[in-house]
Amino acid sequence: MAPLRITRISQKAGRPVTETANNIASPIAPLAPKKPHSFTHHGITVEDPYAWLRDPGYPKVEDEDVLNHLKAENAWFESRMAPHEGLTEKLFAEMRARIKEDDSSVPQKDGDWYYWVEYEKGAQYKQWWRKPAAGGRDGTEGRQLLLDEVALAEGKDYFNLGSFSVSADGTKLAYSADTDGSERFEARIKDLATGELLPDTIPGTLGSLIWTANDTRIAYSLANEQWRTDNVRLHTLGTPIDQDVEIFHEDDEGFRCGASLSANEQWLLIATSDHETSEVRIVPAADPTAQQLLVKAREKGVEYEVDVRDDTIVILTNDDHVNFRLASAPLASPGEWTTLITGSDEFYITGFELFEKFYVVEGRRAGLDQIEIRDYADPAKITPVDFPEQSYVAAMGNNPEWDMDVLRIGYNSMVTPSTVYDYDVASGELTVLKVQEIPSGYDAAQYRTERVVVTARDGTEVPVSLMMRADTPMDGSAPLHLYGYGAYGIAMPPYFSTARLSLVDRGFIYAIAHIRGGDDLGRQWYLDGKLDKRTNAFNDFVDVARGLIERGYTSKGRVTASGGSAGGELMGAILNSDPDLWGAIVAHVPFVDVLSTMLDASLPLTPGEWPEWGNPIEDAAAFALIQSYSPYDQVRAQPYPPLLVTAGLNDPRVTYWEPAKWVAKLRELKTDDNELLLKVNMGAGHGGKSGRFDSLKETAEEFAFILWQMGMAEA
């Protein structure tokens with residue numbers, strides 16, 4: 001029986017508590033104090049009384065008031081979820097039972113070695129292995145442990161391996177790791193013969209580590225104070241890092257730069273770009289301080305990427321078609337581009353890979369992945385890789401060698417577990433190497449998937465991928481979970497998920513809305529959901545939910561939804577616009593304080609994000625538009641559905657105060673008694689907890705919240 005509550009409220013150690021009759025303190029929903037703060041742009045003054053939640057010492061967060069408030073939110077989250085701990089544990093046990101704990105990837109040959117990764121039973125992190133290629137892919141003789149993430153992560157709340165790069169001669173390993181979620185990685189070099197770490201240590205890297213100059217130098221990028229990579233530097237092994245040489249610097253604060261190797265490993269490619277414009281330079285990998293060759297000077301709105309084969313540069317660009325074309329140019333005249341594959345309304349080219357005897361083009365037709373083998377000598381010769389299902393996800397895997405005859409390809413669908421293929425280029429034969437094993441059992445025949453089209457309010461047809469049990473009723477009684485993202489031109493493919501089964505097996509229909517803002521249906525699909533067309537993404541998502549209700553998949557109030565980061569912005573927008581439509585919402589690290597963030601050029605991502613959202617500092621129209629949909633700015637006095645929000649204290653992408661401010665304002669203004677919970681990961685960043693089981697536990701918490709709010713906690 002719950003203790004009798006009395007009305008006196010007190011503060012203990014900065015944490016709001018309710019005094020109870022038997023003197024047991026239990027948390028209450030923390031109400032953040034309001035402190036006067038405002039800003040003015042374009043003659044408009046905006047009041048922001050929760051701005052104090054941003055620690056002035058950020059990226060360090062040490063302000064006692066801020067930390068106490070975040071701890072109070074966590075205490076409230078824990079107290080409200082505590083009665084459902086059994087459900088969370090049950091879900092977690094189900095999800096974990098579907099994971100093969102002692103798993104490994106399929107070894108792939110690179111030079112004189114086969115490389116692969118393994119998980120030991122019970123381990124949260126991977127081990128990286130190799131063995132001599134002479135023993136064949138299935139042999140075990142001579143296996144060597146290159147890197148043990150388990151050992152590196154020991155004693156740490158968070159661990160994320162960044163770059164992993166073996167030198168061309170196979171004797172050294174360069175790797176980087178982040179141990180607090182801030183995405184500032186420390187790079188180290190390991191001698192693979194002795195297992196010893198070299199004294200070379202490079203803190204604060206962000207991006208790849210590239211071996212150059214016959215394995216004597218490493219190209220890398222440092223994150224500056226604003227967490228931006230505006231440089232490419234060279235470190236010579238055995239020398240102090242203060243002697244490292246900067247070989248490229250980007251002066252435009254909105255651009256980010258980094259380095260990579262050409263497929264034949266003869267060229268160092270230095271690329272810099274924002275969300276709509278790019279520029280590439282190349283320099284011999286053997287002599288990275290030589291004079292760089294500029295492929296083509298940046299032109300606003302023109303994106304391109306390159307690779308090199310012999311004396312020819314191959315370029316993927318959107319310069320004359322929104323869905324990109326593939327072109328070539330001689331090394332001697334890199335700006336003279338000749339079309340290899342014409343841009344097409346039907347075929348959206350998303351990438352290409354060069355090999356010695358052929359090249360591969362990846363793209364999408366009608367939203368479905370395509371892989372095509374192309375002939376250098378005969379441009380008309382096109383060999384598509386065919387797949388067995390009508391809706392699926394397919395992509396090139398790890399294919400590291402220049403001279404390859406068999407390609408590694410990955411495949412899955414909403415009902416088909418992840419499958420690894422080898423594709424024989426000469427015969428066109430697909431050979432299954434591995435199918436994701438689900439130890440607790442999985443029968444694809446018990447499930448079905450559909451792809452439907454819903455007409456949005458402006459007449460645009462929006463595709464939706466759905467998965468459900470074969471016996472799920474189609475009479476509107478089933479609950480439906482709708483997932484979406486819709487930003488940055490990132491597609492949301494109809495992928496397989498073992499965790500998802502815990503909802504589907506309880507009667508949920510799981511749906512992915514392929515809304516504008518992603519590039520699911522081509523590059524124009526992305527452009528139609530950004531800048532002044534941003535609200536199309538929000539409208540699409542709402543219209544998909546209503547369309548699925550109209551078709552009898554579910555009913556109003558039986559729809560739950562989730563999204564993260566920019567997808568969390570989506571969640572905030574649909575909460576404000578259509579609060580009565582949703583049964584429950586989960587917003588992960590949500591980008592909800594859009595106006596304030598885009599007005600602050602000192603924040604890590606802001607200048608580079610202006611091409612995506614608009615620049616409200618200089619553009620009054622952009623200010624007005626962003627303010628009109630920014631979830632935090634549009635919170636108002638109305639009922640809101642149950643909401644679970646997550647944040648990461650060290651998140652450099654969506655800073656912790658965005659979700660914290662949003663929840664504080666919602667608590668102040670909402671007129672209902674529905675649950676509003678905020679969980680702040682105090683030692684993690686944008687992706688939440690890093691271990692494979694810790695991450696799964698957070699998914700179990702999310703699903704437990706959804707089931708609780710849908711009255712299905714006993715399911």
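In this structure a side-chain-to-backbone donor-acceptor pair under 3.5 Å is present from Ser176 to Ser163. Of the possible donor and acceptor atoms, one in the side chain of Trp610 sits under 3.5 Å from a partner among the backbone N and O of Met598. Side-chain N or O atoms of Thr419 include none that pairs as donor or acceptor with a backbone N or O of Val435 at under 3.5 Å. Checking side-chain atoms of Thr449 against main-chain N and O of Met467 turns up no donor-acceptor pair under 3.5 Å. Looking only at distances, no side-chain donor or acceptor of Ser418 sits under 3.5 Å from a matching main-chain atom of Asn412. The closest donor-acceptor contact from the side chain of Ser630 to the backbone of Val594 lies under 3.5 Å. The backbone N or O of Asp169 sits less than 3.5 Å from a side-chain atom of Asp215, completing a donor-acceptor pair. Side-chain atoms of Asn224 do not come within 3.5 Å of backbone N or O of Leu222 as any donor-acceptor pair. No donor-acceptor distance shorter than 3.5 angstrom exists from the side chain of Tyr359 to the backbone of Val314, with no hydrogens or angles considered. Looking at Glu276, its side chain never comes within 3.5 Å of a backbone N or O of Pro611 through a donor-acceptor pair.
Taking the six-membered ring for Trp and the full ring otherwise, Trp525 and Tyr348 have centroids separated by 6.0 Å or more.
Residue pairs meeting the salt bridge (Lys or Arg N to Asp or Glu O under 4.0 Å) criterion with at least one partner in residues 324-349, sequence neighbours excluded, are Asp319-Arg325, Asp320-Arg325. For residues 416-427, the set of pairs meeting the salt bridge (Lys or Arg N to Asp or Glu O under 4.0 Å) definition, not counting sequence neighbours, comprises Arg137-Asp422, Arg408-Asp422. Applying the salt bridge (Lys or Arg N to Asp or Glu O under 4.0 Å) test to residues at least two apart or on different chains, none of the pairs has a partner in residues 304-316.
Side chains of Glu303 and Arg523 form a contact here, defined as non-hydrogen atoms less than 4.5 Å apart. Contact of the Leu326 side chain with the Phe324 side chain is not registered, since no non-hydrogen atoms from C-beta on lie closer than 4.5 Å. Ile315 is not listed as a side-chain neighbour of Val280, based on a closest heavy-atom distance of 4.5 Å or more. Between Pro400 and Gln108, the closest side-chain pair of non-hydrogen atoms falls below 4.5 Å. Proximity of Ile371 to Tyr423: side-chain heavy atoms (C-beta onward) are nowhere separated by under 4.5 Å. For the pair Tyr304 and Glu279, the minimum side-chain heavy-atom distance is below 4.5 Å. You'll find the side chain of Phe623 reaches within 4.5 Å of the side chain of Leu595, heavy atoms only. Using a 4.5 Å heavy-atom threshold, the side chains of Phe538 and Leu570 count as touching.
Across all their heavy atoms, Ser262 and Val308 have their closest contact at CB-N, 4.3 Å. Minimum heavy-atom separation, Val283 to Pro288: CG2-O, 3.8 Å. Between Ile210 and Leu268, the shortest heavy-atom contact is CG2-CD1, 3.8 Å. Counting all heavy atoms, side chain and backbone alike, Gln370 lies closest to Arg365 at CG-N, 3.8 Å. Annotation for Ala174 and Ile218: closest pair CB-CD1, 3.8 Å, computed over non-hydrogen atoms. When all heavy atoms of Leu293 and Leu331 are compared, the pair lying nearest together is CD2-O, 3.5 Å.
The ring pair (Phe, Tyr, Trp, His ring centres under 6.0 Å) search around Phe387 returns Tyr392, Tyr411, not counting sequence neighbours. Qualifying ring pair (Phe, Tyr, Trp, His ring centres under 6.0 Å) partners for Phe347, counting only residues two or more places apart in sequence or in other chains: none. Contacts of Glu401 classified as side-chain hydrogen bond (donor to acceptor under 3.5 Å, both in side chains), with partners at least two apart in sequence or in another chain: Lys109. The ring pair (Phe, Tyr, Trp, His ring centres under 6.0 Å) search around Tyr114 returns none, not counting sequence neighbours. With sequence neighbours left out, the ring pair (Phe, Tyr, Trp, His ring centres under 6.0 Å) criterion links Trp227 to no other residue. Residues passing the salt bridge (Lys or Arg N to Asp or Glu O under 4.0 Å) test with Glu429: none are found, sequence neighbours excluded. Residues passing the side-chain hydrogen bond (donor to acceptor under 3.5 Å, both in side chains) test with Thr277, sequence neighbours excluded: none. Every residue two or more places apart in sequence or in another chain that forms a side chain to side chain contact (heavy atoms under 4.5 Å, CB included) with Ser562 is listed here: His481, Tyr483, Val586, Glu702.
Side chain to side chain, Glu612 and Tyr526 meet the donor-acceptor criterion of an N or O pair below 3.5 Å. For the 3.5 Å distance criterion, the side chains of Ser465 and His514 qualify, holding a donor opposite an acceptor.
The distance from the CG atom of Leu209 to the OG atom of Ser165 is 6.5 Å, given to the nearest 0.5 Å. Taking OH of Tyr421 as the start and CD1 of Ile409 as the end, the distance is 9.5 Å to the nearest 0.5 Å. Atom NE2 in His249 sits 10.5 Å away from atom CG in Asp252 (nearest 0.5 Å). Here the CG atom belonging to Asn323 is positioned 9.5 Å from the CZ atom belonging to Arg364, to the nearest 0.5 angstrom. In this structure, Asp519 CG and Asp528 CG are separated by 12.0 Å, a value rounded to the nearest 0.5 Å. Put simply, CG on Asn539 and CG on Asp458 are 7.5 Å apart, with the number rounded to the nearest 0.5 Å.
Here Arg551 does not pair with Glu450 in a salt bridge; the nearest charged N to carboxylate O distance is not below 4.0 Å. Under the 4.0 Å criterion applied to side-chain N and carboxylate O atoms, Asp540 and Arg516 are assigned as salt-bridge partners.
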Q: Please report the C-alpha distance between Phe358 and Phe355 in whole Å, then the side-chain angles of each, then the deciding distance to 0.1 Å, and finally whether the ring pair (Phe, Tyr, Trp, His ring centres under 6.0 Å) criterion is met.
A: CA-CA 5 Å; Phe358 57 87; Phe355 297 93; 5.2 Å; yes

Q. Taking it one step at a time, do Glu389 and Val415 satisfy side-chain contact (heavy atoms from CB on, under 4.5 Å)?
A. CA-CA 10 Å; Glu389 294 177 279; Val415 297; 3.8 Å; yes

Q) What do the steps show when you test Gln226 against Glu253 for side-chain contact (heavy atoms from CB on, under 4.5 Å), and what is the final call? A) CA-CA 10 Å; Gln226 287 75 38; Glu253 64 179 356; over 6 Å; no

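Cation-pi geometry between Arg298 and Phe255 is met: the NZ or CZ atom falls under 6.0 Å from the ring centre, inside 45° of the normal.
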Atom pairs and distances, donor-acceptor, side-chain atoms in residues 492-499, under 3.5 Å, two or more places apart:
{"residue": "Ser497", "atom": "OG", "partner": "Ala499", "partner atom": "N", "Å": "3.4"}
{"residue": "Ser497", "atom": "OG", "partner": "Arg500", "partner atom": "N", "Å": "3.1"}

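With a 6.0 Å radius and a threshold of 12 heavy atoms from other residues, nucleotides or ligands, Asp619 has its CG atom above the threshold. When the shell of 6.0 Å around NZ of Lys357 is examined, it contains more than 12 heavy atoms from other residues, nucleotides or ligands.
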